[in-house]
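Here the structure is a predicted model, which means the values were calculated and not measured.
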Amino acid sequence: RHPRRRHGHRRRDRHRRPPGNDGYWTVQDPVCGVFGSGPDQASAIEDFQRALREHLDVLSRQEALSPDLLAQLAYLRDRLS
């Protein structure tokens with residue numbers, strides 16, 4: 001496991017402008033690395049939420065997952081329920 005990952009410990013999503021200040025916002029989940037982006041903070045959050053649901057859907061459909069991906073699946077189910 002990545003030393004900074006703490007499954008079961010909720011941290012705030014990171015909202016930041018990417019380097020270069022190109023006018024786009026990025027929102028990233030530090031546990032599973034899913035991110036969203038958009039021209040404003042609200043759009044970035046909406047894209048991020050869509051990406052989380054999409055990642056949950058993909059993981060849920062798999063027949064077998066590694067221990068790290070099983071932990072991500074549990075984390076996402078808890079977060080999105």
Side-chain angles (χ1 to χ4, degrees):
R1 280 190 191 172
H2 189 278
R4 287 189 272 176
R5 286 188 184 168
R6 294 187 178 104
H7 298 288
H9 177 20
R10 292 184 181 210
R11 293 194 275 183
R12 291 185 182 176
D13 303 320
R14 296 178 186 167
H15 303 261
R16 61 182 168 80
R17 288 188 186 264
N21 195 16
D22 61 1
Y24 268 74
W25 285 81
T26 301
V27 181
Q28 179 182 8
D29 183 287
V31 174
C32 54
V34 172
F35 68 94
S37 61
D40 54 54
Q41 193 172 14
S43 297
I45 291 170
E46 184 179 316
D47 187 52
F48 170 70
Q49 290 171 336
R50 180 201 48 77
L52 281 178
R53 288 188 303 271
E54 199 172 279
H55 189 53
L56 172 62
D57 183 54
V58 168
L59 292 178
S60 297
R61 293 173 187 260
Q62 300 303 309
E63 291 182 22
L65 295 171
S66 69
D68 282 345
L69 290 177
L70 281 171
Q72 281 187 25
L73 179 59
Y75 169 79
L76 289 170
R77 282 181 174 156
D78 181 55
R79 181 181 176 124
L80 298 175
S81 61

Trainee: Is R53 salt-bridged to D57, going by a charged N under 4.0 Å from an acidic O?
Mentor: no
Trainee: Do L73 and V58 belong together in a cluster built from hydrophobic side chains that touch within less than 4.5 Å?
Mentor: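 Result: no, two separate clusters.
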Trainee: With sequence neighbours excluded, what pairs up with L69 under the side chain to side chain contact (heavy atoms under 4.5 Å, CB included) test?
Mentor: L59, L65, S66, Q72
Trainee: Quick one: list whatever passes side chain to side chain donor-acceptor pair (under 3.5 Å) with S43, sequence neighbours left out.
Mentor: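 Here the qualifying residues are D40.
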Trainee: Within the 4.5 Å heavy-atom criterion, are V27 and S37 side-chain neighbours or not?
Mentor: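 V27 vs S37: side chains apart.
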Trainee: Does any part of the side chain of I45, heavy atoms only, come nearer than 4.5 Å to the side chain of W25, both counted from C-beta?
Mentor: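 The answer is no; the side chains never approach within 4.5 Å.
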Trainee: Going from NE2 on H55 to OH on Y75, what distance comes out if it is rounded to the nearest 0.5 angstrom?
Mentor: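 Those atoms lie 10.5 Å apart.
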Trainee: How would you list, by chain and number, every residue that makes a side chain to side chain donor-acceptor pair (under 3.5 Å) with E54, sequence neighbours excluded?
Mentor: R50
Trainee: Taking salt bridge (Lys or Arg N to Asp or Glu O under 4.0 Å) as the test, write out the residues that go with E46, two or more places apart.
Mentor: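 Once residues adjacent in sequence are excluded, E46 has no partner under the salt bridge (Lys or Arg N to Asp or Glu O under 4.0 Å) criterion.
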Trainee: Do the side chains of D29 and F35 get nearer than 4.5 Å, heavy atoms only?
Mentor: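 Contact flag for F35/D29 side chains = no.
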Trainee: Quick one: are R79 and L52 in side-chain contact, heavy atoms under 4.5 Å?
Mentor: yes
